[in-house]
**Student:** 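Can you read through this structure? Questions will come right after.
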Amino acid sequence: MMLRNFMAAECFDLQMKEFEIIRSTGQIPGESELRAEAARAAGVPVGRIAAVRVLKRSVDARFGTRWRFRVAAWLEGEAVDEYRIPEYRDVNGAPEVIVVGAGPAGLFAALRLLQLGLKPVILERGRNVRDRRRDVAALSRTGMVDPDSNYCYGEGGAGAFSDGKLYTRSSKRGDNRDVLWQFVRFGAPESILIDSHPHLGSDRLPQIVLNMRECIESHGGVYRFGARVTSIARTRDGFEVRTSSADRFVASAVILATGHSARDVYEMVVDAGGCLQAKGFALGVRVEHPQEVIDRSRRNHPSPAEYSFVEQEDGRGVFSFCMCPGGSLVPSSTMPGTVVLNGMSNAARSGRYANAGVVVQIEPGDIAGADPMRLMDFQQDVERRMYEFCRSAGAPNPMAAPAQRMTDFCRGRLSETLPASTYPPGVVSAPLHELLPAMVAERLRKVFPRVPLPGYYTGAALLLGVESRTSSPVRILRDPDTLEALSLSGVFPAGEGAGYSGGIVSSAIDGIRCADAASRYVSDNQTS
């Protein structure tokens, strides 16, 4: 064991000392060991250590596999930072706030509304998380897309059946403890509180999502599934929201947390008087390697190994996205006549293959025109191109994906044979170097051979098209202070679909922020 420097740090307005332990195992050191090491680092007797806590656990593979533990310690007389989840309140009879969407932004907005004493009414176009399992299984088996219940839509949102990564690269979004501690409250392992790349797995997430719903309902919140919102209109009493099931809901505030693929929601916002803006996103392919290839390339990392990279090519970022070690590929189309892929892995990450999106940044200026939906049109055109190629090739499953060996893609030639793939609907040998937009294909062809991982560039790697749902290509404009949609006071766009987050944790944080803003709005309107 090794110790690194002991330093004082201001954390949550408390005087806290931090130090680092390096070990050869990922097992969390015990309480007595942590206290002894804290005392040694601080140069004080063990009895003066009031409390210790592991803050972060990460892998350092530069000189063999080593685990770094960032530890906090408090001395006698210092206030110990004790995080507690605010209590959920009974909201039967409380003022209502409509929450459109039951993904991470919507779920955590609803939980926050309970804490604030407001009643969330959650309207979800898809099915509950258990029934949704059958829909995604049928999609993989038959290739028939249910536009309202699939890998993107339904209780839990896109993350429920696609891996469950719980980290965000942004430090500006807010305190992620509000999110991680509530995940633990509803069944996640406590290790997510300290792991540098916490991960739940597609096998754990559905039960956690169900536990959240049961909590929300037991405190007076309301769910409606199969309730695709068709209109939002201002009334004397607030907002009237109508759904595809012919139901009508009225509340003084609405939180829009509809995910990154709901084109109909953007059109509805415009109809209601809101403003949209084209937003950059990324598009590329899903790359599948045998897991053993990635393990060899990351020799000192624990198996199954992960990877990530960012390259610059011709003025645009080319980067890996949503890497799933020991995972599999899934069809993520939300409308018939398109092919879209995503990756997932279970908690154990024990599969024989690894997959990741490798994508190229697309900026609004890359696509001509002024229509704020033009990047979404571009996105859908590429998805249709993938579908049409496979159908013309006679693929029996409508969700079959065009595929090409990595080396053949870079050399601009069709693959005569394809390696095995985890993608259930099957693959079709295709010239992805021609099917992808030239601005994407040319950058990928230049970057793949120079990815800084030994053995990464290989004919054993399979590229599948298309990975296109990295983030929303549209932003619903909102006031940066009130978080209200411009020209739609009382409507709060939240999460990935609104264009203000990317991933489970950042979407959840944004949902919490919008719930706080909606609470202030409701309070101000009650007193005015």
Side-chain angles (χ1 to χ4, degrees), residues 99-109 124-126 132 136 145 147-165 168-170 173 228-229 255-270 274 276-284 286 319 321-322 330-335 338-344 357 359-364 367 372-383 466-478 485 492-511 514:
V99 179
V100 184
L107 282 174
F108 280 85
E124 170 54 56
R125 71 191 299 161
R132 191 179 165 204
V136 298
V145 180
D148 287 327
S149 189
N150 45 61
Y151 274 98
C152 288
Y153 300 152
E155 185 179 17
F161 295 103
S162 56
D163 206 62
K165 294 178 179 64
T168 175
R169 291 181 176 87
S170 174
R173 300 187 190 278
R228 176 170 47 84
V229 171
I255 296 175
L256 277 180
T258 52
H260 60 40
S261 299
R263 185 187 185 100
D264 56 338
V265 172
Y266 300 125
E267 294 169 344
M268 181 181 64
V269 167
V270 172
L276 304 180
Q277 180 184 66
K279 172 185 160 294
F281 76 116
L283 183 145
R286 206 77 197 176
F319 56 94
F321 171 82
C322 186
V330 296
S332 292
S333 296
T334 55
M335 57 188 295
T338 62
V339 170
V340 183
L341 275 75
N342 199 353
M344 61 155 281
V359 293
V360 177
Q361 188 66 27
I362 308 293
E363 298 294 347
I367 309 300
M373 301 282 278
R374 66 186 183 279
L375 269 70
M376 178 165 271
D377 292 337
F378 170 82
Q379 177 192 62
Q380 292 182 350
D381 285 344
V382 178
E383 295 169 359
V466 62
E467 166 67 87
S468 55
R469 303 294 179 90
T470 54
S471 64
S472 173
V474 181
R475 176 175 285 121
I476 303 173
L477 295 181
R478 70 185 188 189
F492 300 86
E496 282 201 57
Y500 295 97
S501 66
I504 292 174
V505 172
S506 60
S507 294
I509 291 172
D510 200 57
C514 285

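Since the model is a prediction, treat every value here as computed from it, not as a measurement. For the single chain, residues carry numbers from 1 onward in sequence order.
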**Student:** Could you pull out all residues at least two apart from R478 that satisfy side chain to side chain donor-acceptor pair (under 3.5 Å)?
**Tutor:** D510
**Student:** Would you name the heavy atoms of A282 and F319 that are closest together and state the gap between them?
**Tutor:** CB-CZ, 3.7 Å
**Student:** Donor-acceptor pair, Y151 side chain versus L341 backbone, under 3.5 Å?
**Tutor:** no
**Student:** Enter the distance from D264:CG to M335:CE here, rounded to the nearest 0.5 Å.
**Tutor:** 10.5 Å
**Student:** Quick check for you: to the nearest 0.5 Å, what is the distance between H260 atom NE2 and T334 atom OG1?
**Tutor:** 9.0 Å
**Student:** Does L283 offer a backbone N or O that forms a donor-acceptor pair with the side chain of S468 under 3.5 Å?
**Tutor:** no
**Student:** Donor-acceptor pair, distance only, cut-off 3.5 Å: does the side chain of R475 make one with the backbone of L276?
**Tutor:** no
**Student:** Might you point out which heavy atoms bring G284 and V466 nearest each other, and give the distance in Å?
**Tutor:** O-CG2, 3.1 Å
**Student:** Side chains of V269 and L256: closer than 4.5 Å at any heavy-atom pair?
**Tutor:** yes
**Student:** What distance separates S507 OG from L107 CG, expressed to the nearest 0.5 Å?
**Tutor:** 11.0 Å
**Student:** Backbone N or O of G357 within a donor-acceptor pair of the E467 side chain at under 3.5 Å?
**Tutor:** no
**Student:** Main chain of G497, side chain of T258: is a donor-acceptor contact present, judged purely on distance under 3.5 Å?
**Tutor:** no
**Student:** Of all heavy-atom pairs between A109 and I255, which one has the smallest distance, and what is that distance?
**Tutor:** CB-CD1, 4.0 Å
**Student:** Less than 4.5 Å apart, any side-chain heavy atom of F281 and any of M376?
**Tutor:** no
**Student:** Could you tell me whether the side chain of N342 reaches within less than 4.5 Å of the side chain of C322, counting heavy atoms only?
**Tutor:** yes
**Student:** Any donor-acceptor pair under 3.5 Å linking the side chain of Y153 with the backbone of S261?
**Tutor:** yes
**Student:** Do the side chains of K279 and L375 get nearer than 4.5 Å, heavy atoms only?
**Tutor:** no
**Student:** Output yes when D381 and R374 qualify as a salt bridge under the 4.0 Å nitrogen-oxygen rule, no when they do not.
**Tutor:** no
**Student:** Kindly give the heavy-atom pair with the smallest separation between C514 and A494, and that separation in Å.
**Tutor:** SG-CB, 3.6 Å
**Student:** Quick check: do E496 and S472 have side-chain heavy atoms less than 4.5 Å from each other?
**Tutor:** no
**Student:** Side-chain contact, heavy-atom cut-off 4.5 Å: D377 with R263?
**Tutor:** yes
**Student:** For Y500 and I476, work out which heavy atoms get closest and say how close.
**Tutor:** OH-O, 2.7 Å
**Student:** Supply the atom-to-atom distance C152 SG to R125 CZ, rounded to the nearest 0.5 angstrom.
**Tutor:** 10.5 Å
**Student:** Tell me, do R132 and S149 make a side-chain contact under 4.5 Å, heavy atoms counted?
**Tutor:** yes
**Student:** Of the non-hydrogen atoms in A257 and G106, which two are nearest, and what is the gap between them?
**Tutor:** CB-N, 3.5 Å
**Student:** Taking the basic N atoms (NZ, or NE/NH1/NH2) and the acidic carboxylate oxygens, is any pair closer than 4.0 Å for R469 and E383?
**Tutor:** yes
